[in-house]
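Only one structure is covered here, and it is reproduced in the block below.
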Amino acid sequence: MRNAGIASPITALLLLALVTAPTRADGGNLKDASRLREEANGDWKKKRFDDAVAKLRRAADIYKRAGPDFRRDRAVVIRAMTYNLVHAGKLKEAQTALRELMRLRTESPALGGEMRSAYHALYQAAAKSGDQEARAAVLDPVRRTALDLDLPRVAAQVLHDLAFLAGNAGNDDLCIALNRKAAEERRQIRDWTGYAWSLNNLAHRLIATGKQREALEPLARGYETLHRRSLAEPQAAVAFNLRRLLKAPADAQPDAKPDPKLVAATWIGRLLKAGARSDLPRIIPLDALARRLLWRAPGDLSAQRIAKLAPQNTLAEVRADLAIRAADAAGTPKLKLELLQELVTGDGPCAPHLQARASLVRALAHAAKSDRGAHIDAANKALAGFKALGDVGGRRDAARRCLTASVALADGTDDALESARKGWEAILQDGTPGGAGGSSTASGRHRRPSATEPVFFITWQDKKIRIEDRIANKSWTFDGDWRPKNLSVNGVSLTLFGGYVSIRNFQYGRGASSSGAPGIITLDGLGEYRPLPKRGTLEVLGNGATRYSD
């Protein structure tokens with residue numbers, strides 16, 4: 001979770017040989033500079049770092065005397081010299097070289113890439129140091145230079161990196177303190193991407209040390225910053241820590257006041273408010289947060305509010321799912337039925353599933369009203385809907401809940417109810433058809449996508465799910481039935497369930513493996529699922545975020 005975005009040392013040096021320059025300039029022979037760079041490149045490959053440094057110093061001096069037009073060539077040479085000095089173990093000289101490069105950066109902001117790459121060499125040296133004192137000895141001079149040269153972003157980055165290294169070394173208190181300081185410095189200079197990263201890393205360390213309650217505030221601020229500023233880069237890391245807190249934030253520090261359950265509900269509501277104002281594609285969808293809020297804050301008032309949280313421009317199936325869950329959580333049968341009264345389930349592959357789920361909630365509402373006939377009719381409609389789809393898990397869960405709801409209605413004189421109950425009990429004895437076997441598909445190694453780049457297009461066509469890999473230029477088709485399927489496409493792990501898709505892990509191009517799917521699954525077992533539209537596309541972006549497009 002260290003944000004750097006820097007080329008590797010080897011790549012940085014190999015680029016030296018590719019840079020060309022004019023043949024002459026006042027103050028030096030540029031052909032000699034080019035020759036020295038090529039020779040230094042060869043020394044680097046043979047690990048003759050001192051020899052490379054001597055040649056690069058001479059080349060840098062030629063470019064310095066050649067004037068401002070050759071500032072970039074000089075910066076590239078100093079960057080290479082920094083790497084060689086680090087590998088030669090001459091860290092103080094490497095710090096001096098980086099200081100010169102930072103001065104060049106103040107003269108020309110376009111040289112920021114060379115400066116960051118050279119800094120990366122010293123960061124790697126610090127990471128290999130034995131203790132925090134040694135790490136600080138490597139990086140503290142860089143921070144002092146950055147402050148002297150009015151490069152506050154670099155200074156804050158050093159704090160952020162020292163915090164990261166302290167955390168890796170198990171120095172949790174120092175890690176937390178440095179992350180707090182880095183976040184505050186980044187806030188003051190309006191470095192919003194860095195601010196979100198430092199807040200996320202602060203929350204990560206607080207969670208790791210059992211301080212989940214303390215982690216709620218920095219992670220919420222990081223999440224709000226992402227959406228307010230439309231920042232996609234740190235979103236995957238923030239989503240990782242959000243999931244950790246969403247699992248059981250109320251369980252953290254249970255003796256603390258106020259009530260942990262109320263704290264968690266308020267926190268999730270804050271996230272929803274921030275996300276609702278943003279068009280940023282989301283790794284954790286808004287409706288998934290709303291479902292968590294229903295679990296944390298049950299009750300009629302909460303159900304009414306949460307049912308309205310999904311924006312009107314979202315997929316009809318998404319809004320319907322939220323309305324059904326809100327109705328299920330409502331405490332009174334009247335509100336259950338009211339929330340379902342104007343339900344619109346769309347016309348996509350999930351519409352029949354949504355209708356079966358809505359019938360189940362109606363059956364429970366009618367049972368609570370002691371309306372035997374309506375209860376039986378709605379229950380049978382729900383069970384028939386799940387059966388027609390082949391959703392074994394949904395049908396069993398519905399039968400179990402209907403049996404439980406009907407207990408208070410059974411007085412031994414209602415033959416229709418007794419007959420229905422026997423049928424529902426038989427459903428619980430149905431055999432399990434088994435899930436589809438796991439499958440893995442890879443089409444070679446591919447480049448890492450950017451955070452906002454569309455990687456997969458997933459569509460529904462003729463009762464089949466089509467997955468198109470935009471980078472590999474490949475596509476695959478799977479049956480859209482209601483047996484759960486686990487699969488991996490170029491390392492991205494998915495579960496397909498009828499017309500729903502859940503992304504379990506997004507590591508594009510890093511491997512391809514998948515375990516077999518479970519025999520039965522309920523919708524909640526999918527996690528953060530996305531319904532597929534009848535028309536249009538579910539896009540998966542390079543950081544794992546999703547969005548719907550026409």
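This is a predicted model, so every value here is computed, not measured.
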* To do: Verify the distance criterion only: is there a donor paired with an acceptor across the side chains of Q157 and R186 at less than 3.5 Å?
  => yes
* Assert yes or no for the condition that the ring centre distance of F164 to H160 is strictly below 6.0 Å. => no
* Results of salt bridge (Lys or Arg N to Asp or Glu O under 4.0 Å) for R270 - residues two or more places apart only -> E217, E224
Considering only distance and modelled atom types, tabulate donor-acceptor pairs under 3.5 Å from the side chains of residues 171-178, sequence neighbours left out.
{"residue": "N171", "atom": "OD1", "partner": "L174", "partner atom": "N", "Å": "3.4"}
{"residue": "D172", "atom": "OD1", "partner": "R205", "partner atom": "NH1", "Å": "3.3"}

* Could you tell me whether D377 and K381 have a side-chain N and a carboxylate O separated by less than 4.0 Å? => no
* **Side-chain heavy atoms of L541 within contact of E453, under 4.5 Å** => no
* Determine, for F457 and R470, whether the Lys NZ or Arg CZ falls below 6.0 Å from the six-membered ring centre while staying within 45 degrees of the axis. => yes
* Asked: Going by the ring-ring contact (aromatic ring centres under 6.0 Å, His included) test, which pairs reach into residues 522-550, not counting sequence neighbours?
  -> Y500-Y529
* Structure fact -> residues 349-363 vs salt bridge (Lys or Arg N to Asp or Glu O under 4.0 Å), sequence neighbours excluded, gives D321-R357
* Is the distance between the ring centroids of W424 and H375 less than 6.0 Å? -> yes
* Asked: Does a donor on one side chain sit under 3.5 Å from an acceptor on the other, for S502 and R530?
  -> no
What donor-acceptor contacts under 3.5 angstrom involve side-chain atoms of residues 330-337, with partners at least two apart or in another chain?
{"residue": "T332", "atom": "OG1", "partner": "L335", "partner atom": "N", "Å": "3.2"}
{"residue": "K336", "atom": "NZ", "partner": "A327", "partner atom": "O", "Å": "3.3"}
{"residue": "K336", "atom": "NZ", "partner": "D328", "partner atom": "O", "Å": "2.8"}
{"residue": "K336", "atom": "NZ", "partner": "A330", "partner atom": "O", "Å": "3.1"}

* For Y195 and R221, test the side chains for any donor-to-acceptor distance below 3.5 angstrom and give the result as yes or no. => yes
* Can you name the salt bridge (Lys or Arg N to Asp or Glu O under 4.0 Å) partners of R400, sequence neighbours left out? -> none
